Number of protein chains: 2
Amino acid sequence: MVTIKDVARVAGVSIGTVSNVLNGKESVRLQNREKVYKAVDQLGFQYNMTASALRTKTTKNIGLIIPTIVNPFYPELARGVEDEARKAGFTVFLCNSDREEEKERNYIGALLSKGVDGIILLKPKSSQEELRRLNSQIALVVEDWDYRSDQELMTVSSDGYMAVIQAMNLLFQYKHRKIAFISGLMESPSGFGKMRAYEISLESRNISYRSEYVAYGDYSWKSGYAVAKEFVKLETVPTAILAANDMMAMGAMKAVQSMGYRVPADISVMGIDGIEMGKLCTPSLTTVLQPKYEVGVAAFRLLGRILAGEDIPEDKRHIMLETRIMERESVAYADEGRLI
Amino acid sequence: MVTIKDVARVAGVSIGTVSNVLNGKESVRLQNREKVYKAVDQLGFQYNMTASALRTKTTKNIGLIIPTIVNPFYPELARGVEDEARKAGFTVFLCNSDREEEKERNYIGALLSKGVDGIILLKPKSSQEELRRLNSQIALVVEDWDYRSDQELMTVSSDGYMAVIQAMNLLFQYKHRKIAFISGLMESPSGFGKMRAYEISLESRNISYRSEYVAYGDYSWKSGYAVAKEFVKLETVPTAILAANDMMAMGAMKAVQSMGYRVPADISVMGIDGIEMGKLCTPSLTTVLQPKYEVGVAAFRLLGRILAGEDIPEDKRHIMLETRIMERESVAYADEGRLI
DNA sequence: TTGTAAGCGTTATCAA
DNA sequence: TTGATAACGCTTACAA
């Protein structure tokens, strides 16, 4: 293995000088700088970050823990993290927790052992207690976490509550009043927030809440499919179905169609996320765009600032990104050509 | 920072003993073993893999370079790699090359610097020359690479050639003879193989090749969309469209529908890949299942064996996984209720 | 079975 | 501006 020692020998300078050149320090005479580069080329020297990491205690690696890779939402978000990380010279370990607390914990331990400089944790399953402890030993940014419960934690989210408000407003605009809701898991702030927003929206229009119009899925399209079938079997069939994410919405759309109803002529279906795939179903899915990629970018930027030693003022510790309606084809007026 | 030195002090043993305990060496007396574990707990000791890596020259990290995260094909494959890697105690750096040679090269360099033990490279853009050199300095497994050009390289693939043969046979079975083909990029063995298989299939049925029935996409649904529109504008509209991957097929389906034709009643559309999303379009996409996850698993297993120092015999260096037809709703008989 | 000490490839301090 | 040298936290002979 070629080390800076070899480079130093060949270049005829000290290893300190080589190290300085490699780290872009200004203090090296041009002449020596060139000698070093020449030797590097000549020897095919490969810089060893492991050694550097041991000495400097920084690996330029970060860990990114995502709940699942099955929902394209997370790869898109991960992409934002990765792109931004690369710009800053960081490499990312991508880990799937499968929404399991145990796996999440294991990965955190592994990442800590690997000496990552920071961790970005999406939709954490760990307890507040654990996260707080983790936060005290490593730079941490958490997504979809209720920052009001812990001001210390750095958080990034897109506004699930507002997303549902926007979605409901669109549905109201299209004259829907019988709106069913496929909620996600009641384990995250966004899960709760969306549910709450659904209730509030109904209230604001004086529409009474019907428990048979609410069901819970696990964010998979299959759960959306199963649950939507039940909605359609109801005595008073809803005229619109809103799902907490696009995957469930697409499942619901399939279910509605499989039961012989048309989307959106008979039943409108709407999702939340704005994944690319929503454009490919028929009809294409009307949804609320969550800035996934941007959440990833923001998460890394925040982490980067922590790593740079910046003290983030209280009011900058919690980033919330806006969502916006993305109207496509799956929502139509409630009273248009209805079979029901 | 708590080191094994501290653990040794607290446990009242030597650091060598601590190291042995931590590495599960049998040679330590039970009594000491327990003392060490107690001290580890008491001190909240975090094992430092960086130090270990420097000494042992193995990081238990691998790099996985994928062409894109936009096509769910690759996340699914990546998942196979990750799961299998985790079982073996490895962590994976996931990198997106965006199908750009430059980016791929950069990532390879970064991974090398990070001291990964091995690299899995999907759909490489690098030259054979470069890959050969890379292979000589690090454990390497390459996907979608023509192993006949270089027996040394370890390769894993799913059989694109056979996939198209199977797809064409299905279409023939459904009485199609006017079959258009959306080819992928002619840069990879699978790209070439699929094209070749299309030609051979036609030949075997004595159907003459029409150049206007062949177009090239870049694997994105948009390219499939654009290209399919041209097919539909042709004087003799094809009765079936086969795309080299599911994303393009789904785009093609959208295009066909947007031009007022029904799928599959007027035009059948078929893809290759078997991505989960194919179930969610309407009609659901008939396709050829490529064992993505299994390719990932196989790739890591092969890499793992190289890392374990096994000498892989020539005939085990090239793994090719079988594909199979996954019939869904987008292919029907050529002469059924046709408008054209 | 255990302890001691050299060394992995860098960085950083200090003196020159 | 440079060179020499002691760390960094672990593993691994080798000696005890």
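What you are looking at is a predicted structure, and each value in this text was computed from that prediction instead of being measured.
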- Which residue lies more 5' along DNA chain C, comparing G16(B) with Y47(A) via nearest heavy atoms: G16(B)

- Item | V13(B) or T56(B), whichever maps to the more 5' nucleotide of DNA chain C | V13(B)

Contact class for [X] vs. all strands (heavy atom < 4.0 Å): base, sugar-phosphate, or nothing?
X      : value
Q46(A) : sugar-phosphate
L22(A) : nothing
N23(B) : sugar-phosphate
M1(A)  : sugar-phosphate

Would [X] and [Y] pass as an ion pair if we require N to O under 4.0 Å?
X       : Y       : value
D83(A)  : R86(A)  : yes
E84(B)  : R301(B) : yes
E314(A) : R317(A) : yes
E130(B) : R105(B) : yes
D117(B) : K60(B)  : no

Between [N] and [X], is there an OP1 or OP2 to side-chain N/O distance shorter than 4.0 Å?
X      : N       : answer
T3(A)  : dG9(C)  : no
S19(B) : dT11(D) : yes
N48(B) : dC8(D)  : no
T17(A) : dG3(D)  : yes
K57(B) : dG9(C)  : yes

- Message: Both V28(A) and V2(B) contact DNA chain D. Which one's nearest nucleotide lies toward the 5' end?
- Response: V28(A)

In whole angstrom, give the distance that lies between atom [atom1] of [X] and atom [atom2] of [N].
X       : N       : atom1 : atom2 : answer
I4(A)   : dA12(C) : CD1   : P     : 11 Å
I15(B)  : dA5(C)  : CD1   : P     : 10 Å
L30(A)  : dT2(D)  : CG    : P     : 10 Å
K5(B)   : dT4(C)  : NZ    : P     : 12 Å
L54(A)  : dA6(D)  : CG    : P     : 17 Å
N20(B)  : dT12(D) : CG    : P     : 9 Å
R9(A)   : dA4(D)  : CZ    : C1'   : 17 Å
K114(B) : dT10(C) : NZ    : P     : 14 Å

- Query: Are F300(A) and F90(A) near enough that their ring centres are under 6.0 Å apart?
  - Reply: yes

- Query: Where the side chain of A51(B) is concerned, which of dG9(D), dT4(C), dG3(D) is the nearest nucleotide?
  - Reply: dG9(D)

- Message: Looking at R55(A) and dT11(C), is any side-chain donor or acceptor paired with a base atom of the opposite kind under 3.5 Å?
- Response: yes

